[in-house]
Amino acid sequence: MWPEEKITAFRKALLDWYDAEGRSHLPWRENNDPYRIWVSEIMLQQTRVITVIPYFNHFMMLFPSIKALAEADEEILLKAWEGLGYYSRVRNLQKAAQQIMKEYDGVFPNDPAEIIKLKGIGPYTAGAISSMAFNLPEPAVDGNVMRVFSRVFEIGEDIAKPATRKIFELLVRILVDPERPGDFNQAIMDLGTDICAPSNPRPEESPIKEFNAAYQNGTMHLYPFKSKAKRPVPKTMQGIVIQKGDQFLLEQRPQDGLLANFWTFPIIEEDWGKWDKAKKEPIQLNFLVAESSPTNRKGIEQLQKTVRENLRVDADDFQPAVGSFSHVFSHRKWNITVHHVQAAKLTKELPENMKWVSRFDFPEYAFAVPQQKMWEIIRKQNRNFLQSF
DNA sequence: TATACGTGGCG
DNA sequence: TCGCCAAGTAT
């Protein structure tokens, strides 16, 4: 580690730059309110600042206090997070708010050991809140911090591995400015956003270039080392939009897993391994659907049969696909073919997780992006001949 | 420890 | 089009 004088000089160079060039205008930097800082840090997990700003302002208006958040209706909560992604974040946010109301009398705890016990708060966020809201000299190590210091100290450990974070925490615990820990942590992140960016960094403009070993040694291209992520697994899906007048059939997804609890038009995954035991034939939706035409309706009929059996909806007038699109998640990719059919009648006995919803009530629902894309296809299709869409 | 979990932007 | 990236956490 550096001698004490060098550490002091590093802190000064960084904080002088931060005072002059840091992003002091961000809405969650208006004050040191732990609630605001907490909400912002959760939103900022794996999410860009520019994306977060409008969500943050709206969220604080809807839920201005920990108490308001703890008591919020879950539908309203999810709607406020609509489009941000990683939706378990907002569920955990509310759970933590309820934890604070119950265990800490509604006052955000100021002890790192207590903070990290809150749902959805891990080592990074605990350090961020501790340092920014309570001025405690805690490390807040995120991707930016690992990138900056991997270059400064030429650390070649794989930053994709969870264990690597601990190396940087040890480092930052020593380096962090004891007088201004929150500003120190934010300064590193501001630096990592632009000057010390992942691609096309400009180290010659950096306030700490004299401290940057990789820059001095011409090894910038080697740091940070990050192992490759696996590419998303493609899945072939059929999106089934079933309409009866103003009503559309929506299905609520399971409470765990991808897009948990979200309402969507039914989405059927192609399953080549699934066999119809009675008929002794595979249920193969997609390749048949893809080949369907006015003269070859086998695939469409297969789909219609599946809809009747699985969704318990007797849909007539089954048309070929009205559109398609891809949606990439972090770990999988949906290639969705969208079908629009008119229901012969409203089925009385729907499965528990399905219901008919008027399209005029759609604005009250939180729709994940795949659902929004499906709805956009239907709207465009209908705008051609229906003014009301 | 490795994997699940969203979305949008950029080269 | 595609791969990578962004203020991570839960399990």
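Throughout, a chain's letter reflects where its sequence line sits, starting with A, and its residues are numbered from 1.
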| message | With side chain to side chain contact (heavy atoms under 4.5 Å, CB included) as the test, pick out the partner of Glu179(A) among Asp177(A), Asp183(A), Val176(A). | response |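 Per the side chain to side chain contact (heavy atoms under 4.5 Å, CB included) rule, the option paired with Glu179(A) is Asp177(A), out of Asp177(A), Asp183(A), Val176(A).
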Starting at [atom1] of [X] and ending at [atom2] of [N], how long is that distance when rounded to a whole Å?
{"X": "Leu44(A)", "N": "dC5(C)", "atom1": "CG", "atom2": "C1'", "result": "15 Å"}
{"X": "Arg231(A)", "N": "dT1(C)", "atom1": "CZ", "atom2": "C1'", "result": "11 Å"}
{"X": "Arg48(A)", "N": "dC5(C)", "atom1": "CZ", "atom2": "P", "result": "11 Å"}
{"X": "Gln46(A)", "N": "dC4(C)", "atom1": "CD", "atom2": "C1'", "result": "12 Å"}
{"X": "Met146(A)", "N": "dC5(C)", "atom1": "CE", "atom2": "P", "result": "12 Å"}

- Item | Contacts of Tyr215(A) that satisfy ring pair (Phe, Tyr, Trp, His ring centres under 6.0 Å) - sequence neighbours left out |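 For Tyr215(A) there are no ring pair (Phe, Tyr, Trp, His ring centres under 6.0 Å) partners, ignoring immediate neighbours.
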- Query: Of all heavy-atom pairs between Lys226(A) and Asp158(A), which one has the smallest distance, and what is that distance?
  - Reply: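 It is CA-OD1, 3.5 Å.
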**Message:** Over 60° means perpendicular and under 30° means parallel, so tell me whether Phe149(A) and Phe10(A) are parallel, tilted or perpendicular.
**Reply:**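 Because their plane-to-plane angle lies in the 30° to 60° range, the rings of Phe149(A) and Phe10(A) count as tilted.
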Practice prompt. Take the angle between the ring planes of Tyr365(A) and Trp263(A) and call it parallel below 30°, perpendicular above 60°, tilted in between.
Written response: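 Ring orientation, 0 to 90° scale: perpendicular.
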Nearest-0.5 Å distance, [atom1] of residue [X] to [atom2] of residue [Y]:
{"X": "Ile129(A)", "Y": "Leu118(A)", "atom1": "CD1", "atom2": "CG", "answer": "7.5 Å"}
{"X": "Ile37(A)", "Y": "Asn32(A)", "atom1": "CD1", "atom2": "CG", "answer": "5.0 Å"}
{"X": "Ile42(A)", "Y": "Arg89(A)", "atom1": "CD1", "atom2": "CZ", "answer": "8.0 Å"}

### Stepwise side chain to side chain donor-acceptor pair (under 3.5 Å) check, Asn335(A) with Thr236(A)
CA-CA 5 Å; Asn335(A) 296 310; Thr236(A) 302; 5.2 Å; no
Assign [X] to base, sugar-phosphate, or nothing according to its heavy-atom contacts below 4.0 angstrom with the strands shown.
{"X": "Ile50(A)", "result": "nothing"}
{"X": "Val52(A)", "result": "nothing"}
{"X": "Arg253(A)", "result": "nothing"}
{"X": "Pro370(A)", "result": "sugar-phosphate"}
{"X": "Ile116(A)", "result": "nothing"}
{"X": "Thr47(A)", "result": "base"}
{"X": "Ala368(A)", "result": "sugar-phosphate"}
{"X": "Ser199(A)", "result": "nothing"}

*Nearest-nucleotide wise, let me know which of Gly122(A) and Arg147(A) is further upstream toward the 5' end of DNA chain C.*
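Result: Arg147(A).
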Taking for each residue the nucleotide of DNA chain C bearing the nearest heavy atom, is the 5' side occupied by Lys119(A) or by Arg23(A)?
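Of the two residues, Arg23(A) wins.
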Sorted by number, the residues of [range] with heavy-atom contact under 4.0 Å to DNA chain B:
{"range": "residues 62-97 of chain A", "value": "Gly83(A), Leu84(A), Gly85(A), Tyr86(A), Tyr87(A)"}
{"range": "residues 326-336 of chain A", "value": "His327(A), Val328(A), Phe329(A), Ser330(A), His331(A), Arg332(A)"}
{"range": "residues 154-167 of chain A", "value": "Lys161(A), Pro162(A), Ala163(A)"}

**Asked** So, do Phe153(A) and Trp2(A) have ring centers that fall under 6.0 Å from each other?
**Response**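 Yes: the rings meet the under 6.0 Å criterion.
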Do Phe367(A) and Phe362(A) make the cut of ring centroids closer than 6.0 angstrom?
->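 Yes - the distance between ring centres of Phe367(A) and Phe362(A) falls below the 6.0 Å cut-off.
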Audit row: Tyr124(A), Gln45(A), side chain to side chain donor-acceptor pair (under 3.5 Å) steps and yes/no | CA-CA 10 Å; Tyr124(A) 163 74; Gln45(A) 288 169 5; over 6 Å; no
Nucleotide range of DNA chain B lying under 4.0 Å from chain A heavy atoms
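So the outermost contacting nucleotides come out as dT1(B) to dG8(B).
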Could you note down all residue pairs passing ring-ring contact (aromatic ring centres under 6.0 Å, His included) where residues 41-60 of chain A supplies at least one of them, sequence neighbours left out?
->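 Output for this query lists Trp28(A)-Phe56(A), Phe59(A)-Phe63(A), Phe59(A)-Trp81(A).
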Roughly how many Å apart are dT3(B) and dC4(C), using the P atom of each and rounding to a whole number?
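Pairwise P distance, dC4(C) against dT3(B), rounds to 16 Å.
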Nearest-Å distance once atom P is located in both dT11(C) and dG6(B)
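One P to the other, the span is 14 Å.
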Check your understanding: Glu269(A) versus Gln238(A): any side-chain heavy-atom pair under 4.5 Å?
Key ->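 Side-chain contact under 4.5 Å: no.
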Please compare Asn200(A) and Phe367(A) by the position of their nearest nucleotide in DNA chain B and report the one closer to 5'.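 In this pair, the answer is Phe367(A).
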- Full working for side-chain contact (heavy atoms from CB on, under 4.5 Å) between Arg11(A) and Leu14(A): CA-CA 5 Å; Arg11(A) 291 169 181 160; Leu14(A) 181 68; 5.9 Å; no
